[in-house]
Amino acid sequence: MRRGKLQHEDARHARERLLVLLGVAGTLALGLPACTRAASAVEGGRPVPGSPPAAAALGQATARPVEDQPVGPVPGIGDVPPLANPLQGDRSALQEGRRLFVRYNCSGCHGGRAGGGMGPSLRDPDWLYGSSPDRIFSSIAQGRGHGMPSWGVRLPEKQLWELTLYVSSLRTPDEPEAP
Amino acid sequence: MRTAALAALAAGAACHGDHEPPHLAMERTGAVTALTGSKPNVHLISPLPNGEWRLPSGDYANTRFSPLAQINTTNVQNLHVLTTASTGVPHGHEGGPLVVNNVMYVVTPFPNNLIAIDLHKPSGAIKFIYQPHPDPRAVGIACCDVVNRGASYADGKIIYNLLDAETVAVDANTGAEVWRTRVGNIDIGETTTMAALVVKDKVLVGSSGGELGVRGWMAALDVATGKEVWRAYATGPDADVLIGSEFHAFYPKDQAPNQGVTTWAGEQWKLGGANPWGWVSYDPELNLVYYGTGNPGVWNPDLRPGDNKWSCAIIARNPDNGHAVWATQLVPHDHHDYDEIMENVLVDMDWPTSDGKVDKQRKLLLHPGRTGFMYVMDRRTGEILSAEKYVESTNWARRYDLKTGLPDEDVTKHTGSGKIVEDICPSSTGAKDFTPSAFSPLTGLLYIPAHNTCMNYEGIEANYIAGTPYLGADVKMYPGPGGFQGELVAWDPVAARKVWSVREDKLPVYSGVLATGGNVVFYGTMDGFFRALDARTGTMLFQFHAGSGIVGNPITYQGPDGKQYVAVYAGVGGWMGAVASPDVSADDPYAALGVVGAMKDLKKVTGLGDTLYVFGL
């Protein structure tokens, strides 16, 4: 399993890795299978996998210490700034996102160019769980009702951001392999 | 003459409660003389016993023929809607209702509620609603909309499958759940959409999941308790496939032992598909059930070298113990997702032999294939007696060699890794999909809801991740040549030719068909037109524009007032109807496994619906 194994060996991301690894250990304790149970609420202030790492770990300024920040699309709390995709603007990451979309069978459910089928279209303007990069990331990582698996327990964080980048590019001029 | 014939037929219909065999009633009609050509002597092996509809196809033989003739070619233009009812589920309404003891039973798409309607009350009244609450995760596992193809009535119970691989039996009078059996596991991609068929004391249930690497199976549950009695896998060693001492395949290619393993590389048979998600028919005299199997798992053929048995095959089994009596694989090493789960219509007809004689009352099995070939088989042995193209654009194979049972394929249409093959006809959805044909013993014709759809197909990488699609193919479909995409074909199975057809410009014909003793053929279009045609000529006699496209199967029955009624669902969806959903985008022709390319204008002519329509005079 490539769980917990990140691509970047940058010291700037060391804290982020620690957080994700701690979250992974928490998941193992929960015995989470590849199903659609959404990541549970914050345990003792630590982020659990399935949500993007806290903004501070990526070098962005935040309003409060990362341990006290809620994560994921928690209803009612609006002061967590939406996270940008750390791979935004990276064209090879976008191509990789397209490749992974096919590789992990996303295209089988969501359609050859993400137009839908077994799962809903990702090309259209209707987003059940939000369209900002952090929310797309969370949907892929946590899984969603009606059969969307939780990929966060299988895939390394970088691939989740690459997939997010591809999904965000649909119906834009940047979309690779557009229909 | 026609009046006399109809009167005789009506008398025959009235006699069905007596001991008179129905084929004599048919003969007494004498000449239904308005037919073109000579009419073969036809024997129905499982005629409807009365004005009810107790099984998914009405009868065991999958003819979808009712002898009721009160509605006929002289008065069907006066048909009108008497009742409508909403199921509350805006998804594909495949299947059709049952009518038993003056109660109509409707199984909805997921969440698979059972609605019982008391036909005694004017305009119907809900008798009960049974809500099984199947697992909503199944919604994302079902390949082709959250459909249900129907139920059976037996032993005082309505028996049907839930999407999440469970089978239920519900008390037909009270709506109480009598038993509920888990038959499969959605976490490995198994769902159950087919209409469970009750044969004697067994409930036959088959798996879905050929797009997720599911290894297919057909199981029999005890009708009283729901306990599993036998399970026959579609791939694997003979012991798993229940091939034993009772088995004799007609063709040498199908005879060697353990081909469910030896015709695969390595352990690929464990992901070997061959799911029997379509129709089951039964011959009470031979004591054989017949069904076809689906595609061999992963769509990219390069990932599964070998003939891939027993995918794309017709299998005959002894329902008592599940043992296979014969099997004929129609497509070895499928390149195109040509599931052969279509209906197997069982009729006895005179069959000309090669030396100019006539085999009287040959026991036939009519199977209009996904492949575009109309297979006529001897249902005792599995021999293919004829295989002719019923959709002209079919180009993946030229013909079948009846001595070997093998298709003569055009290898330029073989798909594989690293290439895009264009202009393959029919598409993966086929010259017809699961929507069932009807057969009329009055005309001797099979009425086939056909498609004219072609595709481009690129083999790409495939990775098996349990519970997700296992495909390895990028497919885009589009209408075939000739300016039409659908056709209601009236086919003469003995002469192997089309007698007449009604074409649709833009849309495949994706509904079931009903044939009646009044010489009327009923079917529906994907843009919602419910039609009645003259079974002999194809002349349209009646048309009604329903609220949504029709992808289900019309039935006819006798109400408590003795009058004849016709019922059908209008609720577009299913595989070819996927783009009608707001969740599917028309600008991705590769979406929904490629059907959107052929169906991108569907949203302009229909939307989702959920309505039962009942018609009468």
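Keep in mind that this is a model prediction, so the values were computed, not measured. Side chains are part of it too, since the values below use all heavy atoms of this structure and drop only hydrogens, waters and symmetry mates. Below, chain A is the first sequence line, B the second, and so on; all start at residue 1.
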Participant: Of the backbone (N, CA, C, O) and the side chain (C-beta and beyond), which part of B:Ala578 lies under 4.5 Å from a heavy atom of chain A, both, or neither?
Facilitator: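 Interface part for B:Ala578: neither.
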Participant: Quick one: pull up CZ in B:Phe110 and NE2 in A:His146 and give me the separation to the nearest 0.5 Å.
Facilitator: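 Answer rounded to 0.5 Å: 5.5 Å.
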Participant: Is B:Lys600 atom NZ crowded by more than 12 heavy atoms from other residues, nucleotides or ligands, each under 6.0 Å away?
Facilitator: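 Not buried by this count: 12 neighbours or fewer within 6.0 Å.
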Participant: Less than 4.0 Å between a side-chain N and a carboxylate O, is that true for A:Arg171 and B:Asp588?
Facilitator: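 Not counted as a salt bridge, because no side-chain N and carboxylate O are separated by less than 4.0 Å.
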Participant: Please rank A:Gly108, A:Gly117, A:Ser121 by heavy-atom pairs under 4.5 Å with chain B and give me the top one.
Facilitator: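 Option with the top pair count is A:Ser121.
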Participant: Nearest heavy-atom pair of B:Asn463 and A:Asn105: which atoms, and what distance?
Facilitator: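 Closest approach of B:Asn463 to A:Asn105, heavy atoms only: O-ND2, 2.8 Å.
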Participant: Distance from A:Trp151 atom CH2 to B:Thr468 atom OG1, nearest 0.5 Å?
Facilitator: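 Result: 5.0 Å between the selected atoms.
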Participant: Name, in order of residue number, those residues of residues 416-430 of chain B that have a heavy atom at a distance of less than 4.5 Å from a heavy atom in chain A; otherwise write 'none'.
Facilitator: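 Those residues of residues 416-430 of chain B which would need a heavy atom under 4.5 Å from chain A do not exist here.
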Participant: Quick one: which of B:Pro469, B:Gly140, B:Gly472 has the most heavy-atom pairs under 4.5 Å with chain A, could you say?
Facilitator: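 The candidate making the most pairs under 4.5 Å is B:Pro469.
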Participant: Testing B:Val146, B:Leu593, B:Asp145, B:Leu212 one by one against A:Met118 for a side chain to side chain contact (heavy atoms under 4.5 Å, CB included), which residue passes?
Facilitator: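 So, applying the side chain to side chain contact (heavy atoms under 4.5 Å, CB included) to A:Met118 and each of B:Val146, B:Leu593, B:Asp145, B:Leu212, only B:Leu212 qualifies.
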Participant: Which distance, rounded to the nearest 0.5 Å, do you find between the CG of A:Asp126 and the CG of B:Asp583?
Facilitator: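 Here the rounded value is 8.0 Å.
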Participant: What part of B:Leu471 gets closer than 4.5 Å to chain A, counting heavy atoms only: side chain, backbone, both or neither?
Facilitator: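 The side chain, not the backbone.
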Participant: Checking heavy atoms, do the side chain of A:Ala178, its backbone, both or neither come under 4.5 Å from chain B?
Facilitator: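 No part of it gets close to chain B.
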Participant: With a 6.0 Å cut-off (strictly less than), is the heavy-atom count around NZ of B:Lys506, excluding the residue itself, greater than 12?
Facilitator: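 It does not: B:Lys506 NZ has 12 such atoms or fewer within range.
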Participant: At what distance, to the nearest 0.5 angstrom, does CD1 of B:Ile460 lie from CZ of A:Arg103?
Facilitator: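 Between B:Ile460 CD1 and A:Arg103 CZ, I get 12.5 Å after rounding to 0.5 Å.
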Participant: Could you tell me the separation between the NZ atom of B:Lys476 and the CZ atom of A:Arg113, rounded to the nearest 0.5 Å?
Facilitator: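 Going from the NZ atom of B:Lys476 to the CZ atom of A:Arg113 covers 8.5 Å.
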